[in-house]
Number of protein chains: 2
Amino acid sequence: MSSSTAQGARARARMEVTAAIKDEARRQLAAEGAAKLSLRAVARELGMVSSALYRYFPSRDDLLTALIIDAYNSIGESAEAAHDKAAGAGPVQRWTAVAEAVRDWALRHPHEYALIYGSPVPGYTAPDTTVPPASRVGLLFIGIVRDAHRDSGLTEPPPLPAELCPEAERMAADLAPDLPPAAVAALVAAWAELFGLVGFELFGQFNRVVEDRERFFRHAVARLAQGVGLA
Amino acid sequence: MSSSTAQGARARARMEVTAAIKDEARRQLAAEGAAKLSLRAVARELGMVSSALYRYFPSRDDLLTALIIDAYNSIGESAEAAHDKAAGAGPVQRWTAVAEAVRDWALRHPHEYALIYGSPVPGYTAPDTTVPPASRVGLLFIGIVRDAHRDSGLTEPPPLPAELCPEAERMAADLAPDLPPAAVAALVAAWAELFGLVGFELFGQFNRVVEDRERFFRHAVARLAQGVGLA
DNA sequence: CCAAAGCAAGAGCAGTGCTCTCGATTGTGT
DNA sequence: ACACAATCGAGAGCACTGCTCTTGCTTTGG
């Protein structure tokens with residue numbers, strides 16, 4: 001009967017209130033962190049009573065899940081935008097562009113970064129709906145390495161110990177069947193290591209150790225790219 | 001008048017109660033995570049009333065700080081023990097031994113690991129007393145690389161971009177004046193990257209991606225060692 | 001047009017961190 | 001040996017939290 005955005009005043013009002021709740025929750029998250037996110041405070045700020053909020057989110061954890069999905073999509077979108085902007089450049093430039101976009105997003109949204117890449121909340125296990133948004137930046141890296149492999153080849157796939165071969169082949173089959181297993185293993189490791197660099201900077205482990213974080217990160221990321229075989 | 005451990009019944013009782021509080025708190029931390037650590041529950045389990053607990057820890061954050069320091073010392077001790085056991089071996093073996101000790105400790109104490117290497121608690125900033133315990137595993141890695149450099153030399157210090165030279169020299173002056181700046185930069189990066197690998201495994205980012213985490217980690221760590229110039 | 005569904009509001013429960021006061025116990029200086 | 005001071009445990013209480021249940025009101029759809 002109508003477009004997907006206006007199939008009834010009731011449904012639209014629900015959408016708007018849901019969005020307003022998420023917006024206010026995101027504000028509190030950015031201001032105070034996930035631990036101090038209070039349903040009652042969100043409701044208070046929105047001029048409603050706390051119990052009314054439960055019509056939209058059955059529990060605080062469900063609100064957090066919504067914010068987690070949004071955060072994954074936000075960082076994924078930033079990374080994809082940076083990647084598109086470097087579309088014409090070489091694989092190392094594209095790799096670096098995505099990595100720096102991840103770091104920039106993390107520095108700009110520290111609490112949201114902590115929500116998705118920091119310690120998970122105690123009893124909480126992420127539902128499967130978070131998997132696709134969480135995969136976006138990873139898929140970007142896979143695409144970059146795959147393109148490089150197709151176009152110009154990868155430099156020396158480093159020798160793989162025999163004991164890791166089955167696992168590497170399994171990962172390659174799942175993630176990028178056209179890439180050599182050794183490259184896929186190196187890629188997955190570099191992916192995790194990249195977020196180690198970002199996390200250490202963001203969570204204060206680099207205090208009194210690394211001063212010029214920008215340049216240090218750029219260099220470390222370039223070495224990671226080199227490690228997975230990008231020219 | 002007496003040994004340092006028994007300079008008065010009152011003081012000793014205080015030590016014992018303090019230790020009992022920390023033990024029970026650590027139990028709850030391991031069982032439920034930092035967010036659900038409740039002063040009242042700790043007091044209840046110890047048969048005292050919650051207000052009495054404030055005679056020993058002025059706030060919940062102070063209790064957490066004590067647990068953080070203990071956790072840093074615990075993982076540092078495990079790493080040092082593993083390092084000592086591999087004292088006679090080559091630098092790569094020692095590097096791998098420490099890395100695996102870190103991972104093993106993390107897998108055995110996930111909530112304590114999250115407490116020290118995960119997202120920091122919201123308003124909390126670590127006091128300077130946490131710095132020495134937090135440095136123990138890092139110092140171990142520095143010692144390994146320094147020994148390797150002294151004994152057998154490091155393989156090709158990778159070329160350092162000019163823009164990073166001042167920062168690398170500053171880090172080297174602070175951390176290991178006898179090492180080439182490029183090696184120190186690579187070492188610091190590898191240090192952060194190692195904890196990226198551990199964190200991704202522990203916090204579920206490797207779910208549906210890496211199955212044989214043990215072997216994958218071993219290989220990734222060996223490549224990190226190679227990246228800092230260890231034979 | 002009327003029943004059914006969706007909604008906001010309020011009261012209430014169990015729990016939290018933290019403060020303050022009040023006795024009781026303990027340690028110490030004279 | 002005694003009195004003074006410091007320390008300690010207990011209880012009440014405040015302001016807050018997540019969450020549930022019930023009560024009415026409004027909107028919606030048959």
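Below, chains carry the letters A, B, ... as their sequence lines are ordered, and counting in each starts from 1. Everything numeric here is computed off the predicted structure, so don't read it as measured data.
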Inset, instruction - Just call it for A/Leu37: base, sugar-phosphate, or nothing, with non-hydrogen atoms closer than 4.0 Å on any strand. - result: sugar-phosphate
Inset, instruction - Rounded off to whole Å, could you give me the CZ-to-C1' distance for the B/Arg44 and C/dG17 pair? - result: 13 Å
Legend entry - Separation of D/dG11 P from B/Met48 CE (nearest whole Å): 14 Å
Legend entry - Electrostatic pair B/Arg208:A/Asp128 at N-O distance under 4.0 angstrom: yes
Legend entry - Separation of atom CG in A/Leu39 from atom P in C/dA8, rounded to whole Å: 14 Å
Legend entry - Salt-bridge contact A/Glu167-B/Arg215 (side-chain N to carboxylate O under 4.0 Å): no
Legend entry - Nearest-nucleotide pick for B/Tyr54, side chain only, options being D/dA10, D/dG18, C/dC18: C/dC18
Inset, instruction - Report the relative orientation of the aromatic rings in B/Tyr113 and B/Phe195; use parallel for angles under 30°, tilted for 30 to 60°, perpendicular for over 60°. - result: parallel
Legend entry - Gap between atoms CZ and P, on B/Phe57 and D/dC8 respectively (whole Å): 13 Å
Inset, instruction - Measure centre to centre between the rings of A/Phe203 and B/Tyr117, then say whether the value is under 6.0 Å. - result: no
Inset, instruction - Choose from D/dC8, D/dG9, C/dG10 the nucleotide whose nearest atom is closest to any side-chain atom of B/Arg14. - result: D/dC8
Legend entry - For DNA chain C, the residues among residues 18-31 of chain A that have a non-hydrogen atom under 4.0 Å from it: none
Inset, instruction - Give me the one residue out of A/Thr65, A/Ile21, A/Leu39, A/Val42 that meets side chain to side chain contact (heavy atoms under 4.5 Å, CB included) with A/Phe57. - result: A/Ile21
Inset, instruction - Could you check whether B/Ser50 gets within reach of a base, just the sugar-phosphate, or nothing at all, counting any heavy atom under 4.0 Å? - result: base
Legend entry - Flag side-chain contact, heavy atom, 4.5 Å: B/Glu211 against B/Phe216: no
Legend entry - Stem segments of DNA chain C by first residue number [Watson-Crick or G-U, under 3.5 Å, at least 3]: C:1-30 with D:1-30
Inset, instruction - Write down the distance between CD (B/Glu16) and P (D/dC8), rounded to a whole number of angstrom. - result: 13 Å
Inset, instruction - Classify the side chain of B/Arg55 versus the base of D/dG9 as yes if they form a donor-acceptor pair under 3.5 Å and no if they do not. - result: yes
Inset, instruction - May I ask you to say whether A/Asp104 pairs ionically with A/Arg108, meaning some side-chain N is under 4.0 Å from a carboxylate O? - result: no
Legend entry - Side-chain N,O (B/Ser59) to OP1/OP2 (C/dG17) below 4.0 Å: no
Inset, instruction - Classify the side chain of B/Arg40 versus the base of C/dG17 as yes if they form a donor-acceptor pair under 3.5 Å and no if they do not. - result: yes
Inset, instruction - Could you tell me the separation between the CZ atom of B/Arg60 and the C1' atom of C/dG15, rounded to a whole number of Å? - result: 13 Å
Inset, instruction - Could you tell me whether A/Arg103 and A/Glu100 have a side-chain N and a carboxylate O separated by less than 4.0 Å? - result: no
Inset, instruction - With rounding to the nearest 0.5 Å, note down the distance linking OH in B/Tyr72 to CG in B/Leu67. - result: 13.0 Å
Legend entry - Between C1' of D/dG18 and NZ of B/Lys36, the distance in whole Å: 11 Å
Inset, instruction - Looking at every strand, decide which applies to B/Tyr56 at a 4.0 Å heavy-atom threshold: base, sugar-phosphate, or nothing. - result: sugar-phosphate
Inset, instruction - Please state how far atom CG in B/Leu64 lies from atom C1' in C/dG17, giving the value in whole angstrom units. - result: 12 Å
Legend entry - Between A/Asp62 and A/Ser59, a side-chain donor and acceptor under 3.5 Å: yes
Inset, instruction - Counting heavy atoms from C-beta on, name the nucleotide in D/dG9, C/dA9, C/dT16 closest to the side chain of A/Ser51. - result: C/dA9
